[in-house]
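Notes follow once the structure below has been shown.
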Amino acid sequence: MSTRDQSALLAPVERDLRLDLFRGVGLWMIFLDHIPHDVVAWLTLRNYGFSDAAEFFVFISGYLVGWIYGPIVAGGWFLAALKRLWRRAGEMYVAHIMLFLLFTAQIARTVRRFDNPMYADEFNVHNFLDHPDILIGQALSLRYKPVNLDVLPLYITLVLAAPFIVWGLVRRPNLTLAASVVLYVLARRFDWNIASYPPGTTWYFNPFCWQLMFVFAAWCGVGQIDKIATWVWSKAAMTLAAAWLAFAFLIVMTWHIPALEALIPKWMIKAIYPIDKTDLDMLRFTHFLAVAIWMTYFIPRHWKALHSKWLHPVILCGQHSLPIFCLSVFLSFSAHWILMQFTRGVWEQLAVSFAGFVIMFGAAWLLDRAERVPSLFVKVTDVDDEREAAGEGVPVTVIGAAPARR
């Protein structure tokens, strides 16, 4: 094995705190967006443009895959990348199943405790409570998903495909991106999607379409964005992005203020609607790109504020995105239940939203502290390996290591 291959495998990757910040903001937006009738949810992106936190997460995940695993695959370590990414997909699958079981248990207990079937119908768990024997199997195959649990199956699918996507991007980046565009167009043209449960339904996030966001982000992550950086952040491109953001803002405001709808020509309404989230409408895709252009312009990689105590809670949540996302699902339902069961006053909405932020930050802080605790490890050598090594004159050492006492 060459030195170049070893350096590709062992080279450290500098952490980009902007990605953790954006992911943390996305987690907080998801928490708020999952609380119906919450006044604090007006702070989230979906109220001012076509895209929302889903685009944030898929793009960041794809970018990290290309950035981290591109050099590894280029160095000849494809199987190592495949092993790590598929293990991550397995972790996400286990997290999804555990989240599914605990989330449905939380709703079932609420339904029985307060004798209110509304929650079961609202979160699509009514069929599960009636036929758990059938729905368990459907959940394990990722066909049945309650409300707010649609995004993890999409991530699992994309991460499973990620090693092959990176392999293609390392060798033929533009051709791989073009193939992704073709798949996106065909999926929208012929309504390709994965079957869901009950029969006749499909995945809320169509992986054949959302893969375009993931592949494009990985394309940027492997270094292709650097080749067009001068054009992307040119005055003309940024002006066009600002105009597109302003247009999206005007359209979204018509959803909240009906009087503004008269300002939109009928031909334009027919052209842009429906703005489909399931199949990643191009209006959503381009709106996110416009947001990304301006955000990366105002927040450089070595921005000093990224190390400030004010942004630390958000960044910490972004660094532990999977467990914090799972926690946010429980918190959003709990907040929804409190507001529906007791009161929907503005101060109560502010209180439950702030409490959710505090709990998410507290959980992220505990996870961060746990990672800093030294791990105990023992390397165990089989007896046959010891004899074989001894026969070859190679010393065998069985290691047991523990943190030194202070």
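Keep in mind that this is a model prediction, so the values were computed, not measured.
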Plane angle bin for Phe285 and Phe216 - parallel if under 30°, tilted between 30 and 60°, otherwise perpendicular: perpendicular
With a 4.5 Å cut-off on side-chain heavy atoms, are Val151 and Ile30 touching? no
Mind telling me whether Phe103 and Phe330 have parallel, tilted or perpendicular rings, with 30° and 60° as the class edges? perpendicular
Do Trp365 and His320 make the cut of ring centroids closer than 6.0 angstrom? no
How are the rings of Phe100 and Tyr144 set to each other: parallel, tilted or perpendicular (split at 30° and 60°)? perpendicular
Do Phe56 and Phe288 have their ring centres less than 6.0 Å from each other? yes
Can you confirm whether the side chains of Asn206 and Thr278 place a donor and an acceptor under 3.5 Å from each other? no
For the residue pair Thr176 / Trp219, report whether a side-chain donor-acceptor contact shorter than 3.5 Å exists. no
For the residue pair Trp203 and Thr157, confirm or rule out a side-chain donor-acceptor distance under 3.5 Å. no
Side chains of Ser353 and Asp38, donor plus acceptor under 3.5 Å: yes
Can you measure from CG (Leu183) to CD (Gln211) and round to the nearest 0.5 angstrom? 4.5 Å
Just checking Phe357 against Trp28, ring centres under 6.0 Å apart? yes
Does the side-chain contact (heavy atoms from CB on, under 4.5 Å) test come out yes or no for Tyr48 and Trp42, once each step is laid out? CA-CA 9 Å; Tyr48 306 99; Trp42 279 96; 4.0 Å; yes
Hey, is Asp20 close enough to Arg23 for a salt bridge, meaning N to O under 4.0 Å? yes
Please work out which of the three classes, parallel, tilted or perpendicular, describes the rings of Trp244 and Phe247, given edges at 30° and 60°. parallel
